[in-house]
Protein chains: 2
Amino acid sequence: MRLDERKLQVLQSVVEDFVRSGEPVGSRTISRKYLVGVSSATIRNEMADLEEMGLLEQPHTSAGRVPSDRGYRVYVDHLMPPHTLTEQELSLISSLYARKAREMESLIQQTARLLSEATNYLALILGPQLSQTTFRHLKILPLNEEKALLVLVTDAGFLEKGLLEVPGGVGPQELDYIAAVLNDRLRGMTVDRIAQEAWKELRSELSQYRFILEQAFQLLVETVGKESEERVYLGGTANILRFPEFQRLERLQSLLARIEGEEGLVNLLPEVSDSQVVILIGGELTQQDLRDCSLVAAKYHIGPSLVGRVGVLGPRRMEYARVLSLVGHVTETLSRVLSRSAGF
Amino acid sequence: MRLDERKLQVLQSVVEDFVRSGEPVGSRTISRKYLVGVSSATIRNEMADLEEMGLLEQPHTSAGRVPSDRGYRVYVDHLMPPHTLTEQELSLISSLYARKAREMESLIQQTARLLSEATNYLALILGPQLSQTTFRHLKILPLNEEKALLVLVTDAGFLEKGLLEVPGGVGPQELDYIAAVLNDRLRGMTVDRIAQEAWKELRSELSQYRFILEQAFQLLVETVGKESEERVYLGGTANILRFPEFQRLERLQSLLARIEGEEGLVNLLPEVSDSQVVILIGGELTQQDLRDCSLVAAKYHIGPSLVGRVGVLGPRRMEYARVLSLVGHVTETLSRVLSRSAGF
DNA sequence: TTTAGCACTCACAGAAAAAGAGTGCTAAAG
DNA sequence: CTTTAGCACTCTTTTTCTGTGAGTGCTAAA
């Protein structure tokens, strides 16, 4: 059976009405609101066809129709009218970034909040994959007899600091020496590579300072390594209560637990190809318990190599067009602001 | 009317049975489970008296009785048996802190999680009031022609860092000079005081470096000032779904919104006097929408002057004894660990 | 002062009934 | 061959009604 013009119109109407109302939509509604001049009986025939093709489904006999995953997919890929952001949306976004760029962390956190407010869905952002960042240099500043301050500067302008305990008998000159060696050997390496290779060599090379090295390494790994790249920023947790899909408490329970755990959220965001916004609908999400949700995701960049991910999670009946352009615009802006403030 | 021994026993029984079951408790239950040898009719009389005194209330005629705010208050103040932490609880706590002390932030975050797991309620912790911290010293490290790194060390061993833009023509010696002046003038002052008084003087004194000073000041205020002391750490958000008090979605909605906002939570935790755990029951919380909740709160200390607050929010029918001792023990431990790692 | 007995109240659960929305099918019209 | 009107049918949702049980308050006796 062919998807002719009118079938597409019917599909589009069903999707858009359902997105707005959340109620299954019937033939009469369409014949009166969307395709005036065509009788409800005709629409019924078209709908039966669309159902046979797997684009619509019926919650039960004698209810209206609801789009299926594939129905949404066709809508998103072919039918969705382009959405241009409203003045209001644009100014909301630009006013956030207009302020002086503050710390990266809080900027990302604010972005999550912004996205959730603008979309009314749940926004999640993964911190940049810092393990891909490259080491620039470090300094060791003696504070007093026993303690010294270690400062790390990386590629993207990130700074990390930590306290070192200095064993008795190690003086400032020796700390300088350690720093010099480290700087010389590690410059330009990615954090990953340092953790994997370079470290072992250094450890035997500077074995008399092992105690200090261990601490420095610890700091490097803890703050920049695997753990921190999984950092999740959330906005709009309360929004998930808004849509009726989650009025069932069990659903809510499992989703909230997932959110709390944060680990579950990391795998949620799929790999996204560059400068593209990806939409995953219902069952296209691998997570069983999210089969009633959809996700709109994209990447952001800091400089050439550092990337993080942004996603908006909402009910399957999501305002795809609007969210799509919001996510696109926000990731672009975020990338620009972060890159600028990191000195690229 | 006097609160004789038996009335107190009845009150205690009602509270403890209701805390466990969540169901209003009737005279028969008490006569059989708690005061064997006294008939239900007698209990009914006692209960009527207790109700008249405002310690119990009836959801409706012909339901059992439920403790009122004042009833809980009497229970908490006089009737509650002391709770000693179980082996299990103790080991859960000590195993968290046994690990090497990591960053303060993550330690606090973990504590929130721990408390929520141990109590099954919502745990919230306010970060320490950094504005009470005193300035120790700062360093300015030139990174390249245009940028320098500012490192702040304060009283409690906290470090803050930030990038400075250095205007053309300002060389390393001048940066050293600025740092020296600042160190000399600000040492030992609280951050609050610097913000209020000292700053203005310095600004005119070093007016030719105003651009750099502004940035340094900005950093100081942003990271250590008012804003950051309101930082809220949460654990167990999902727990609030557990208790039936919040099965009504509107309630949940408003609480979650409050949680998300975080501002609302700051005022939630009352001023607490030192080394004491405070319990606020139902209407004793000023927030209207939390009149079905109770809060157990305490202070923690880092060194002599820095304080933060810890709270556990749960349903009014809370296991007060257990939560009380948990909060007490956790704040003590947290204080000790944080103080030690800050070098006190 | 305590207890037994009894009538009364109220929420809750389940069944039955009524209302409503929407469909599928058939037959007629264009 | 396509579109439309009409109608019976299905299924959910809402409302109404009724029975049941837990628990109380009161009275009178121990």
Side-chain angles (χ1 to χ4, degrees), chain A residues 1-11 13-15 17-18 20-68 71 244-245 247-248, chain B residues 1-11 13-15 17-18 20-68 71 244-245 247-248:
Chain A
M1 199 176 311
R2 245 187 63 73
L3 261 180
D4 59 15
E5 181 61 25
R6 195 170 62 190
K7 284 193 176 39
L8 288 176
Q9 283 182 348
V10 172
L11 176 58
S13 308
V14 171
V15 171
D17 198 83
F18 182 63
R20 211 189 348 267
S21 72
E23 300 290 321
V25 16
S27 53
R28 201 176 131 78
T29 312
I30 294 195
S31 124
R32 293 219 301 190
K33 290 212 305 192
Y34 301 93
L35 290 167
V36 216
V38 185
S39 83
S40 69
T42 310
I43 304 289
R44 274 203 288 286
N45 289 331
E46 299 287 32
M47 280 173 134
D49 291 348
L50 285 167
E51 181 165 3
E52 202 181 333
M53 286 188 265
L55 301 182
L56 293 182
E57 37 194 47
Q58 253 179 319
H60 56 265
T61 350
S62 96
R65 300 303 209 296
V66 160
S68 68
E245 280 78 354
Q247 302 287 343
R248 298 269 142 254
Chain B
M1 198 175 313
R2 241 187 67 72
L3 259 182
D4 59 15
E5 181 62 24
R6 195 170 61 190
K7 283 195 176 39
L8 289 176
Q9 284 182 347
V10 172
L11 176 57
S13 308
V14 171
V15 170
D17 198 84
F18 182 62
R20 213 189 347 267
S21 72
E23 300 291 322
V25 13
S27 53
R28 202 176 132 79
T29 312
I30 293 194
S31 126
R32 293 218 303 189
K33 290 211 306 191
Y34 300 94
L35 289 167
V36 215
V38 184
S39 84
S40 68
T42 310
I43 305 289
R44 273 203 288 286
N45 289 331
E46 298 287 31
M47 281 172 132
D49 292 349
L50 286 168
E51 181 164 2
E52 201 181 333
M53 287 187 263
L55 302 181
L56 294 183
E57 37 195 47
Q58 253 180 317
H60 55 265
T61 347
S62 97
R65 299 303 210 293
V66 160
S68 68
E245 281 77 354
Q247 302 289 343
R248 299 265 143 257

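Quick note on labels: first sequence line is chain A, next is B, and so on, each numbered from 1.
Of the inter-residue distances, the one linking A:R44 atom CZ with A:R28 atom CZ reads 10.5 Å to the nearest 0.5 angstrom. Between the CD atom in A:E23 and the CZ atom in A:F18 there is a gap of 8.0 Å [rounded to 0.5 Å].
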Atom pairs and distances, side-chain donor-acceptor, residues 53-62 of chain B, under 3.5 Å, sequence neighbours left out:
unit_1 : atom_1 : unit_2 : atom_2 : d
B:Q58  : NE2    : B:A63  : O      : 3.3

Could you go through residues 45-52 of chain B and list every donor-acceptor pair under 3.5 Å that involves a side-chain atom there, pairing it with any protein atom two or more places apart or in another chain?
unit_1 : atom_1 : unit_2 : atom_2 : d
B:E46  : OE1    : B:K7   : NZ     : 2.8
B:E46  : OE2    : B:R6   : NE     : 2.7
B:E46  : OE2    : B:R6   : NH2    : 2.9
B:D49  : OD2    : B:K7   : NZ     : 3.4
B:E51  : OE1    : B:R65  : NE     : 2.7
B:E51  : OE1    : B:R65  : NH2    : 2.9

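Contact annotation: A:S39 does not reach the phosphate of D:dT3 (side-chain N/O to OP1 or OP2, under 4.0 Å). OP1 or OP2 of D:dT3 sits under 4.0 Å from a side-chain N or O of A:R6.
Note: CD1 (B:I30) to P (D:dG23) measures 11 Å, nearest angstrom. Between B:D17 atom CG and D:dG23 atom C1' there is a gap of 14 Å when expressed in whole angstrom units. Straight-line distance from the CD1 atom of A:I43 to the P atom of D:dT4: 9 Å, rounded to whole Å.
When each of B:R44 and A:R28 is assigned the nucleotide of DNA chain C with its nearest heavy atom, B:R44 is the one assigned upstream, toward the 5' end. For the pair B:N45 and B:P59, nearest-nucleotide mapping onto DNA chain C gives the more 5' position to B:N45.
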Dot-bracket encoding of pairs in DNA chain D, which uses [ ] for pseudoknotted crossings and | for another strand, Watson-Crick or G-U under 3.5 angstrom | ||||||||||||||||||||||||||||||

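Residue B:S27 is in sugar-phosphate contact alone, with no base atom involved, counting any heavy-atom pair closer than 4.0 Å across all strands shown. If you check every strand for non-hydrogen atoms under 4.0 Å, A:A63 touches sugar and phosphate atoms only.
On the nucleic acid side, DNA chain C contacts chain A at distances under 4.0 Å to non-hydrogen atoms, with the end points of that region at C:dA21 to C:dG24.
Shortest non-hydrogen contact noted between A:I30 and A:S13 is CD1-CB, 4.1 Å. Across every non-hydrogen atom of A:I43 and A:S31, the tightest pair is CG1-CB, 4.0 Å. Looking at every heavy atom in both residues, A:G71 comes nearest to A:L11 through O-CD2, 4.0 Å.
Proximity of a side-chain donor or acceptor of B:S21 to a complementary backbone N or O of B:D17 within less than 3.5 Å is detected.
For A:T42, the side-chain hydrogen bond (donor to acceptor under 3.5 Å, both in side chains) criterion is met by A:S39, not counting sequence neighbours.
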Nucleotides 9-14 of chain D: which of its N/O atoms have a protein N/O under 3.5 Å away?
unit_1 : atom_1 : unit_2 : atom_2 : d
D:dT10 : O2     : A:S62  : OG     : 3.1
D:dC11 : O2     : A:S62  : OG     : 3.4

